[in-house]
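Predicted model, so just to flag it, every value in this text is computed and none were measured. Nothing fancy with the numbering, it's 1 onward along the sequence.
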Amino acid sequence: MNGLVDAFTHRNWAGGGPDKKAAQLEGSKIFAKEFLQRHNIPTAELYGTHDSAGGAYGALCAVDWPVVIKADGLCAGKGVFVAPNPDAATDFIERVMEKNELGDGGKRVMLEEALEGEELSFILLTDGERYAPLVPTRDHNAHSTTIRDRTRGGMGAYSSDELLPAELRCAIEKTIIEPTMKGLAADGIRYQGFLYIGLMLTKSGPKVLEFNCRLGDPETQAILARVEFDLTEVLADAAAGNLKPEKLKWEAGASACVVMASGGYPGKFEIGKEISGLSEAARVTDVKVLHAATKRVGDAIVTSGGRVLGVTSMGNTLNSALQKAYEAAGKIRFEGRHFRKDIGKPQQQSSAAGD
């Protein structure tokens, strides 16, 4: 976002990510929305963009409810809110634009239609010309219990080929992926690296919720569990502008990641809680316990953040992968620990997610 790849390019070093111009797809939700509209890529209807709280308040009189409000910039996962009514919408706008709770990321907001359906994470790797889709994933976000508690940190994800039937894959590539790649080229943007496309599968077809210029978390854990190729080699190819999509081979079956979080997350939480059972969990077949927010204190491993561990598993079927992940998660203990029990179950959502 701050031009790291540009600095690499200036020094003639290989860089495996988007430059500063391309990274606006994630860094500015308004930039991304305008890109989608300009290239006729299916997305939620835009009600308007506003650089003043007064303008945003006034616009609430002409929207359908619920309405999605998005702070334009990066806001550490707190910049998107599905407002069920005018009071909730006004509260969010006031805090973002007048009380400056999200800093510079909240100087502008946009209002858009709330889409209904199931979300799907479609992530691809591109060298700027060729692209290779990764296996499909779906994540589950943290439960939000109050208006003031909106962090959307992923609490689990799974990957299965059944998520993306051939007909749906064809529709996504035809209406979204190909127009996106062509649109980037038309706008003079050579995008390299991972492009995360958050989709809502609506009754009228797939629509884009957001772009991220990176792999998602915890989708990454589920994706990498299925890799059957040399990731370093493929990334080097992409950075050199020579991606070979045929190199990306995937293990059959399914994978799952269950995130174990600190008590209170996604709100306020305490850290420094000693973790037990890690060795026992690691002995469960086809399971890897990935550390996200831990540190060593003497001989102990303790929590150091909100999302502490990603318990990741493989299986011949989604059910078997989930069973292994939950078996391992059940062996791990720390004060306040919690995790979602419904990873992999269908969920009807009405939101325009992401930050």
Are Lys331 and Glu280 within salt-bridge range, i.e. N to O under 4.0 Å? no

Arg138 versus Tyr158, side-chain donor and acceptor atoms under 3.5 Å: yes

I'd like to know if Asp286 and Lys324 make a salt bridge, using a cut-off of under 4.0 Å between side-chain N and carboxylate O. yes

Heavy atoms, side chains only, cut-off 4.5 Å: are Lys99 and Glu94 in contact? yes

Without swapping roles, check the side chain of His338 against the backbone of Ser262 for a donor-acceptor pair under 3.5 Å. yes

Enter the distance from Ser28:OG to Asp72:CG here, rounded to the nearest 0.5 Å. 3.5 Å

Please determine whether a side-chain nitrogen of the Lys or Arg among Glu116 and Lys203 lies less than 4.0 Å from a carboxylate oxygen of the Asp or Glu. no

Report yes or no: does Gln24 contribute a side-chain atom to a donor-acceptor pair with the main-chain N or O of Lys21 at less than 3.5 Å? yes

Taking the side chain from Glu274 and the backbone from Ala300, do they hold a donor-acceptor pair closer than 3.5 Å? no

Check: Val135 main-chain N/O paired with Ser159 side-chain donor or acceptor under 3.5 Å: no

Examine the side chains of Tyr265 and Glu270 and answer whether a donor and an acceptor come within less than 3.5 Å of each other. no

Using side-chain hydrogen bond (donor to acceptor under 3.5 Å, both in side chains), reason through Thr312 and Gln221 one step at a time and then give a plain yes or no. CA-CA 7 Å; Thr312 305; Gln221 292 90 307; 5.6 Å; no

